[in-house]
J.: 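Got a structure for you, questions after.
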There are 2 protein chains.
Amino acid sequence: MPNNHFKRGELYSFITGKASTAIARRLQKKFNNAGLNITIEQWSVLYHLWKKEGVSQQEICNATFRDKPSITRLVDNLEKLNLVKRVASENDRRINLIYLTKDAQKLQEETMAIADETLNDALENVPTDKVDICKEVLQIVYDNLK
Amino acid sequence: MPNNHFKRGELYSFITGKASTAIARRLQKKFNNAGLNITIEQWSVLYHLWKKEGVSQQEICNATFRDKPSITRLVDNLEKLNLVKRVASENDRRINLIYLTKDAQKLQEETMAIADETLNDALENVPTDKVDICKEVLQIVYDNLK
DNA sequence: GGCATATAGTTGTTTGTGCAACTATCCAAA
DNA sequence: TTTGGATAGTTGCACAAACAACTATATGCC
């Protein structure tokens, strides 16, 4: 039995990711309270577009660890909210390049401040070095399963 | 600025819980490959019932960090699969007590072995002390946001 | 007893996810 | 140049989560 064997009683909360669920719920509530009419999933797509826009849906899939149908529908909903636009690529007509609208640009500052605040809430009383170890472990877990 | 302030570029994967998502997907695949026709969410309910059955739906809500409608529907689906039964409480007719069927009892050994295996896959090359720190951090995060 | 309030559970709606099947386009090799 | 395989994106389906609104039952207080 390897020394990293997990005790059964602890399986559950690790698998369900209750901590990340709690963070997501808190962030969503703060968006709602601020009158921001977007879901955290939509926000996570905008998050990547603020870093780099004019990317294909496939690139968004890779960046956000989602499959193609999920991104199709998130982009559909973001388009309905007038936050992004699909623009057919001239070089390759299979590709939609996704661009931000002015409305979406306006959201960046406010939502990022709320997200910062949320993570500060979450990590209160957690020493920085332990946060670093936690991130390291989660990254290895992700790589192990990729 | 508190010393636990999170750098913006790292917000995202923490919030989305990509590690726990990856674990969940791996576990679901192993269930499917083993011909087990249940979702991980259904399994997470069974997981608690194996520890203690004959509990109310509300108790399952608390144990699994879900709201009541989610549990209503998970129990609906588990009932359709003939894995649990709702039994009206005699003391309090508002309450459904949830019991496992024989079919569900048979699933315990096999699915727990698969879950163990999945976590061993996930935690390969992660030293035990770092796993412990990670769990500790995630627990504090959860408590901070509760 | 009767009423207000709390609690247990259900239902409807919107949104998101994962999978499979599908269309359209591109590219490379015969 | 045609054809076969790869890639980008969409659609249908089943399942799940969050929220609000609802029903039914229990409880505590007058």
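All values reported here derive from a predicted model rather than from experimental measurement. First the proteins, then the strands, lettered A, B, ... as listed; each starts at 1.
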J.: Do NZ/NE/NH1/NH2 and the carboxylate oxygens of Glu41(A) and Arg66(A) come within less than 4.0 Å?
T.: no
J.: May I have the distance from Glu90(B) (atom CD) to dA26(D) (atom C1'), rounded to whole angstrom?
T.: 16 Å
J.: Looking at Trp50(A) and Ala104(A), would you say the former's side chain and the latter's main chain have a donor-acceptor pair under 3.5 Å?
T.: yes
J.: Shortest non-hydrogen contact from Gln42(A) to Asn37(A)?
T.: OE1-O, 4.4 Å
J.: CZ of Arg66(B) versus P of dA8(C): gap in Å, rounded?
T.: 19 Å
J.: Please report the distance, rounded to the nearest Å, between CG in Asn62(B) and P in dT7(C).
T.: 12 Å
J.: If a protein heavy atom is under 4.0 Å from the base, mark B; if only from the sugar-phosphate, S; if neither, -; do that for nucleotides 1-11 of chain D going 5' to 3'.
T.: -----BBBBBB
J.: I need the minimum non-hydrogen distance between Thr64(A) and Ser44(A), along with the two atoms involved.
T.: CG2-O, 4.1 Å
J.: Using a cut-off of strictly less than 4.0 Å between a heavy atom of the residue and any atom of DNA chain C, enumerate the qualifying residues of residues 23-41 of chain B by number.
T.: Arg25(B)
J.: Is it true that Asn96(A) and Gln57(A) share a donor-acceptor pair across their side chains at a distance under 3.5 Å?
T.: yes
J.: Output the rounded distance in Å from CG (Asn77(B)) to C1' (dT10(C)).
T.: 14 Å
J.: In whole angstrom, what separates Leu46(A)'s CG from dG16(C)'s P?
T.: 11 Å
J.: Nearest whole Å is fine: how far is dT27(D) C1' from Asn91(B) CG?
T.: 14 Å
J.: Would you say Glu59(A)'s side chain and Ser56(A)'s backbone share a donor-acceptor pair under 3.5 angstrom?
T.: yes
J.: Between Lys18(B) (NZ) and dT17(C) (P), how many Å, whole number?
T.: 16 Å
J.: Between Leu78(B) (CG) and dC15(D) (C1'), how many Å, whole number?
T.: 12 Å
J.: Under 3.5 Å, side chain of Gln28(A) to main-chain N/O of Ile38(A), donor-acceptor pair present?
T.: yes
J.: What residues from residues 139-146 of chain B pass a heavy-atom cutoff of under 4.0 Å to DNA chain C?
T.: none
J.: Please tell me whether Ser70(A) and Asp67(A) have a donor and an acceptor in their side chains that are separated by less than 3.5 angstrom.
T.: yes
J.: Using atom types as modelled and distance alone, determine if a side-chain donor or acceptor of Glu79(B) lies under 3.5 Å from a backbone N or O of Arg86(B).
T.: yes
J.: Grab the two heavy atoms, one from Thr101(B) and one from Val84(B), that are nearest each other, plus how far apart they are.
T.: CG2-N, 3.8 Å
J.: Do you know which two heavy atoms are closest between Ile140(A) and Asn125(B), and how far apart they sit?
T.: CD1-O, 4.4 Å
